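Below you'll find the structure, written out as structure tokens, and then a few comments.
If you read the sequence from its start, that first residue is 1, and numbering goes on from there. Because the structure is a prediction, the values reported are computed rather than measured.
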Amino acid sequence: MAELRYWVWLSTRKGIGARAMGDLLRYYGSPEEIYFVRKGDYPRELNINSASLEDKTLSPVSEILGKCSEMGYTILTLGDAAYPARLKNIYDPPVVLYVDGKLPLIDEEIAVNIVGTRDCTPYGIKISEQIGYEVTKMGGLVISGLARGIDSAAARGALRANGKVVGVLGCGIDVVYPPSNERLFWDVKHFGALVSEYPPGVQPDRSHFPARNRIMSGLSLGVVVAEAPERSGALITASMALEQGKDVFAVPGNVDASSCRGSNNLLKEGAQPVTCGRDIMEVYSARFPDRFVEARKLNKLDERGVEILAERELGEISANEKVFKRKTPKKAIDKEKSEDYINVSVRPEGLSPDEEKILEVMSGRTMHVDDIIEVSGIGASKVLATLTLLEIAGVVKQEPGKRFTALVK
């Protein structure tokens, strides 16, 4: 506890940014050593506001520690083993993190930051919630700024998938901002964690949010810009992600909509285009195979003919990804035309055992190649070769995103 108070003291020095604090720590080795430097002895070459460092008053620090103890908040410092290595390795990590809730083991997570404009369109809300849901269902962790608009939608989608969210704030973790998000804040801290570099009680300030953005991208493997105009905090986050060596994704938007110009420009500048959570998760599937297993468990529901709840709940079922429902068999004369089924052609004769097996697994619907491999039990190279032959034969059609549609049952 004695050492912790020096960390909190250093983190609350006004006029000294995170980079300067890092310089001080590298120079002196610890916040305690920094505290006990005598007045006038701070080296000029560091170009640091020494007046702030020469204020040795610890009573405000005691108040902060008392509030955190009373409320059950956790304080992580750069010297703690539990401090996320991803964040520690950025150029200007926060000296202290205040946590309300249970922070996941970030370094073991497929953590994705989903950002965008506050003044978003219904399209932006819909796609952000969908991506947040799908990323979480497939084993990922959503990092959110919990701002109005895109951030909140992505967090709601993740919570809807019974997952965890890490909310990074530009104020104290006991301050709900915007006030309309009180219920969302409650859910996030109970099913994930609220995080801030600012002590409890600190009110939101315009200067806090750009600083907050570096933490969101720092905790994440990649940043997804769902919808953003040309001047947007989301673009600042994307820029910070690039500086930190993180991936940047963007959702294509209406070229006529001003709210999408910034995110569309990112695509022109080389951001990876995404239209669903799977597009993002596949980028990290090889690095985190244990986390990605959940996606395949989810897809087994499709294999048994049960509705894909992730898509049905969000109303996102495309024309070539229709959900098949089990129906009570009827006599041929009583059969009614149903949009739940795809019109299919007659299965050709003379198919190989592998071709028969794959068509049986696909059962006249669209499936991702990974799911075909898993359900069929056939090796990956053989499945790909067989799908190519079936495509040539006109009984399978390849779709975007490594998906294939069987044109026969």
Side-chain angles (χ1 to χ4, degrees), residues 11 16-26 76-99 103-116 131-132 135 140-147 150-151 154 165-170 193 195-198 207-226 228 231-251 262-263 265-274 279-288 291:
S11 71
I16 302 179
R19 293 185 183 183
M21 290 180 189
D23 291 338
L24 282 166
L25 286 168
R26 283 185 286 272
L76 294 178
T77 75
L78 275 173
D80 292 332
Y83 191 102
R86 281 182 199 161
L87 185 59
K88 186 180 293 187
N89 291 331
I90 69 173
Y91 186 69
D92 51 354
V95 170
V96 164
L97 283 178
Y98 299 91
V99 182
L103 188 67
L105 297 175
I106 295 292
D107 300 323
E108 299 178 8
E109 297 280 352
I110 307 178
V112 179
N113 179 209
I114 303 173
V115 296
I131 290 176
V135 163
L141 171 70
V142 169
I143 309 291
S144 172
L146 300 184
I150 296 298
D151 292 31
V165 174
V166 173
V168 184
L169 310 182
V195 174
S196 177
E197 66 179 319
Y198 303 106
S207 65
H208 293 173
F209 294 101
R212 180 273 310 264
N213 294 349
R214 83 188 193 286
I215 301 176
M216 294 195 300
S217 56
L219 291 170
S220 308
L221 294 171
V223 170
V224 184
V225 181
R231 295 177 62 85
S232 170
L235 301 184
I236 296 175
T237 308
S239 177
M240 289 178 172
L242 288 174
E243 291 177 2
Q244 295 168 357
K246 307 300 178 74
D247 296 312
V248 175
F249 307 91
V251 177
S263 39
N265 285 339
L266 284 177
L267 293 171
K268 291 191 286 186
E269 293 166 3
Q272 301 179 57
V274 295
D279 291 342
I280 302 159
M281 295 297 289
E282 283 182 342
V283 173
Y284 305 112
S285 60
R287 289 169 57 186
F288 297 88
R291 295 294 182 188

**Request:** Determine, step by step, whether Val224 and Asn113 satisfy the side chain to side chain contact (heavy atoms under 4.5 Å, CB included) criterion, reporting the C-alpha distance in whole Å, the side-chain angles of both residues, the deciding distance to 0.1 Å, and the verdict.
**Result:** CA-CA 6 Å; Val224 184; Asn113 179 209; over 6 Å; no
**Request:** For side chain to side chain contact (heavy atoms under 4.5 Å, CB included), just list the numbers for Leu87 and Ile90, CA-CA rounded to whole Å, side-chain angles, deciding distance to a tenth of an Å, and then say yes or no.
**Result:** CA-CA 6 Å; Leu87 185 59; Ile90 69 173; 3.8 Å; yes
**Request:** Using the side chain to side chain contact (heavy atoms under 4.5 Å, CB included) rule, take Asp151 and Ile114 through it: C-alpha gap first, then chi angles, then the decisive distance, then the call.
**Result:** CA-CA 6 Å; Asp151 292 31; Ile114 303 173; over 6 Å; no
**Request:** Begin from the C-alpha positions of Gln272 and Asp247 and carry the test side chain to side chain contact (heavy atoms under 4.5 Å, CB included) through to its verdict.
**Result:** CA-CA 8 Å; Gln272 301 179 57; Asp247 296 312; 3.8 Å; yes
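Among residues two or more places apart in sequence or in another chain, the side-chain contact (heavy atoms from CB on, under 4.5 Å) test is passed with Asn89 by Ala85. By the side-chain contact (heavy atoms from CB on, under 4.5 Å) test, Ile236 is found to be paired with Asn213, Met240, residues two or more places apart in sequence or in another chain being considered. With sequence neighbours excluded, the residues satisfying side-chain hydrogen bond (donor to acceptor under 3.5 Å, both in side chains) with Arg214 are Glu197. Shown here are the side-chain contact (heavy atoms from CB on, under 4.5 Å) partners of Glu108, two or more places apart in sequence or in another chain: Leu105, Arg291. Qualifying side-chain contact (heavy atoms from CB on, under 4.5 Å) partners for Thr77, counting only residues two or more places apart in sequence or in other chains: Leu4, Trp7, Asp80, Val96. Phe249 is linked by a ring pair (Phe, Tyr, Trp, His ring centres under 6.0 Å) to nothing, counting only residues two or more places apart in sequence or in another chain.
Nearest heavy-atom pair across Val115 and Met216 is CG1-CE, 4.1 Å. Nearest heavy-atom pair, Arg19 versus Asp92, reported as atom, atom and distance to 0.1 Å: CG-CB, 3.3 Å. Contact between Val225 and Ala238 at its shortest, heavy atoms only, is CG2-CB, 4.1 Å. Taking both residues in full, the closest heavy atoms of Val142 and Gly132 are given as CG2-O, 3.9 Å, listed atom of the first, atom of the second, then distance. What you find for Ala250 and Leu266 is that their closest heavy atoms are CB-CB, 4.2 Å. For Tyr98 against Ser11, the heavy-atom pair with the smallest separation is OH-OG, 4.2 Å.
With hydrogens and angles disregarded, a donor-acceptor distance shorter than 3.5 Å links the side chain of Arg86 to the backbone of Ile106. Lys246 contributes no side-chain N or O that, together with a main-chain N or O of Val223, makes up a donor-acceptor pair within less than 3.5 Å. The closest donor-acceptor contact from the side chain of Lys88 to the backbone of Leu78 lies under 3.5 Å. Side-chain atoms of Arg212 do not come within 3.5 Å of backbone N or O of Ser196 as any donor-acceptor pair.
In this structure the side chain of His208 reaches within 4.5 angstrom of the side chain of Tyr198, judged on heavy atoms. Under the 4.5 Å side-chain criterion, counting only non-hydrogen atoms from C-beta, Leu141 is in contact with Pro104. Taking 4.5 Å as the limit, every side-chain heavy atom of Val168 sits out of range of all side-chain heavy atoms of Ser144. The shortest side-chain heavy-atom distance between Val112 and Ile143 does not fall under the 4.5 Å cut-off. Ile215 is listed as a side-chain neighbour of Pro94, based on a closest heavy-atom distance under 4.5 Å.
Distance CG/Leu169 to CZ/Phe209: 8.5 Å, rounded to 0.5 Å. One distance of note links CG of Leu221 with CD of Glu109; it measures 9.5 Å at 0.5 Å rounding.
In summary, of the residues considered (Ser217, Ser239, Ser220), a side-chain hydrogen bond (donor to acceptor under 3.5 Å, both in side chains) with Gln244 occurs for Ser217 alone.
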